[in-house]
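This structure is in structure tokens; I'll ask about it shortly.
Values reported hereafter were calculated over all heavy atoms of this structure, with side chains retained and with hydrogens, waters and symmetry mates removed.
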Amino acid sequence: MSEKGEDTRQRILAAALKAFSSRGYAKISMKDICEATGLSRGGLYRHYGSTREIFLDLLDGDKNRSAGKLNTVSPKKTYAGSLFTGYLEASRNSIFSQTRGLYFAVHELAFIEPDLREFLQERYKAAEAMLQSILSQGQKEGTFRLDFDSEEMAAHILFLIDSFQSSSAILELSEEKIDSQLDLIRRLVIKK
């Protein structure tokens, strides 16, 4: 893809992120994306055939960014406590971000496009494996408590974070409440 084409694609994704975050998955049309980007329908369709394609590209970009961050700081090379703290901080930031509505839209996507549930399940499994790897490494390093199963704890943390992320689009969650829950997770995982 040419540099201009890639710039246009990034402009589409940025506009779509804002649109999906503010209005959800179901309410966004290709016309909405055209208006947000200033592209003609033909210009938009040159890059994407549907809002579904755009949304999936957004999710893939998010997954690739997360994997890239982890690959640059592999648990085998970096202190697991730092990785875990970074994960919790990134999760906290996502709960209060301008685009937090995207997490609710992901759940909406699963109901509207049931054929994508396997894709979403694979995303979850990848996130769980990444977090479990960090937790196991921290236990091996002696930084994390040994009285939990890393697979169970990873699932628990992911479900809690997902709940906060998707709820933050519709509920007022105070920073104090979120911080106290994240601190509880730290106390459950990190040795004193």
Side-chain angles (χ1 to χ4, degrees), residues 1-71 86-128 130-131 157-175 177-179 181-182:
M1 183 177 290
S2 71
E3 188 174 324
K4 183 179 177 186
E6 182 58 26
D7 289 346
T8 301
R9 194 177 79 71
Q10 291 304 316
R11 195 169 94 221
I12 293 167
L13 291 174
L17 176 61
K18 288 179 185 174
F20 288 127
S21 295
S22 66
R23 295 182 44 210
Y25 176 73
K27 292 186 179 179
I28 299 301
S29 67
M30 291 296 272
K31 181 180 179 208
D32 296 323
I33 304 296
C34 286
E35 290 173 4
T37 59
L39 290 170
S40 67
R41 288 182 72 77
L44 178 59
Y45 279 96
R46 203 167 310 149
H47 296 277
Y48 293 100
S50 66
T51 54
R52 175 182 164 136
E53 281 183 31
I54 296 170
F55 198 86
L56 291 176
D57 202 12
L58 280 171
L59 292 181
D60 279 342
D62 177 56
K63 180 181 171 188
N64 293 338
R65 276 188 301 282
S66 296
K69 287 178 189 172
L70 185 62
N71 288 338
Y87 169 79
L88 292 180
E89 186 62 29
S91 297
R92 183 192 188 283
N93 291 342
S94 72
I95 293 164
F96 297 109
S97 76
Q98 295 277 331
T99 57
R100 65 184 172 265
L102 186 66
Y103 299 101
F104 185 80
V106 170
H107 289 271
E108 188 180 22
L109 172 78
F111 287 99
I112 293 171
E113 309 272 5
D115 62 307
L116 291 177
R117 289 185 183 168
E118 187 175 324
F119 166 79
L120 295 171
Q121 183 69 34
E122 290 304 314
R123 284 177 54 85
Y124 168 78
K125 286 180 184 177
E128 184 179 47
M130 180 266 312
L131 187 53
I157 292 168
L158 285 173
F159 288 135
L160 182 65
I161 297 294
D162 180 69
S163 174
F164 287 150
Q165 289 170 329
S166 51
S167 295
S168 69
I170 54 174
L171 302 175
E172 280 194 42
L173 301 174
S174 71
E175 290 189 40
K177 176 72 79 179
I178 298 300
D179 288 343
Q181 292 300 305
L182 294 177

Pairs touching residues 43-56 that satisfy salt bridge (Lys or Arg N to Asp or Glu O under 4.0 Å), sequence neighbours left out: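 As it turns out, the salt bridge (Lys or Arg N to Asp or Glu O under 4.0 Å) pairs with a partner in residues 43-56, which skip direct neighbours, are R52-E113, R52-D115.
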Nearest 0.5 Å, please: how far is CG in D32 from OG1 in T37?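 So the OG1 of T37 and the CG of D32 are separated by 10.5 Å.
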When you measure from the side chain of S97 to the backbone of S94, do you find a donor-acceptor pair of N or O atoms at a distance under 3.5 Å?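 Pair found, side chain donor or acceptor close to backbone of S94.
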Taking atom CD1 of I54 and atom CZ of R9, what is their separation to the nearest 0.5 Å?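 So the gap between those two atoms works out to 10.5 Å.
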Geometric cation-pi criterion, R92 with Y87: 6.0 Å, 45°: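 Geometry flag: not set, cation outside 6.0 Å or 45°.
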Walk me through whether L59 and L120 qualify under side-chain contact (heavy atoms from CB on, under 4.5 Å). CA-CA 9 Å; L59 292 181; L120 295 171; 4.1 Å; yes
For A36 against A15, the heavy-atom pair lying closest together: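 In terms of heavy atoms, the two residues are closest at CB-CB, 3.8 Å.
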Below 30° counts as parallel, above 60° as perpendicular, anything between as tilted: where do the rings of F20 and Y25 land?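 If you compare the ring of F20 with that of Y25, the planes turn out parallel.
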Please report the interatomic distance CZ(F55) to CD1(I33), rounded to the nearest 0.5 Å.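 Interatomic distance, F55 CZ to I33 CD1, rounded to 0.5 Å: 11.0 Å.
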Just verifying a value: how many Å separate L160 CG and Q181 CD, rounded to the nearest 0.5 Å?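 So the CG of L160 and the CD of Q181 are separated by 6.0 Å.
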Below 6.0 angstrom between ring centroids: does that apply to Y124 and F159?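 Yes, the ring of Y124 comes within the 6.0 Å limit of the ring of F159, centre to centre.
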Measure from the side-chain N and O atoms of R117 to the backbone N and O of A110, and report whether any donor-acceptor pair falls under 3.5 Å.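 Yes: the side chain of R117 pairs with the backbone of A110.
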Does the distance from a Lys or Arg side-chain N to an Asp or Glu carboxylate O, for K125 and E128, drop under 4.0 Å?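 Salt bridge flag = no for E128 with K125.
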Approximate separation, where rounding is to 0.5 Å, of L173 CG and S168 OG: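 Reported value, rounded in 0.5 Å steps: 6.0 Å.
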How long is the straight-line distance from NZ of K31 back to OG1 of T51, given to the nearest 0.5 Å?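 With rounding to 0.5 Å, OG1 (T51) is 14.5 Å from NZ (K31).
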Answer yes or no: is there a donor N or O on one side and an acceptor on the other, between the side chain of S22 and the main chain of A19, under 3.5 Å?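 Yes, the answer is positive, given that a donor and an acceptor are paired below the 3.5 Å cut-off.
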Please report the shortest heavy-atom distance between F111 and P114, naming the atom on each side.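 Heavy atoms only, the tightest pair is O-CD, 3.8 Å.
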L56 vs Y48, test: side-chain contact (heavy atoms from CB on, under 4.5 Å). Steps then yes/no. CA-CA 11 Å; L56 291 176; Y48 293 100; over 6 Å; no
Side chains of V106 and R123 in contact at under 4.5 Å (non-hydrogen atoms):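 No, every pair of side-chain atoms sits at 4.5 Å or beyond.
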I95 and Y103: side-chain contact (heavy atoms from CB on, under 4.5 Å), yes or no, with the steps? CA-CA 9 Å; I95 293 164; Y103 299 101; over 6 Å; no
Heavy-atom pair of closest approach, residues L158 and A127: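 Shortest heavy-atom separation between L158 and A127 comes out as CD1-C, 3.8 Å.
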Taking every non-hydrogen atom, the tightest pair across A169 and G101: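 That closest heavy-atom pairing would be CB-CA, 3.6 Å.
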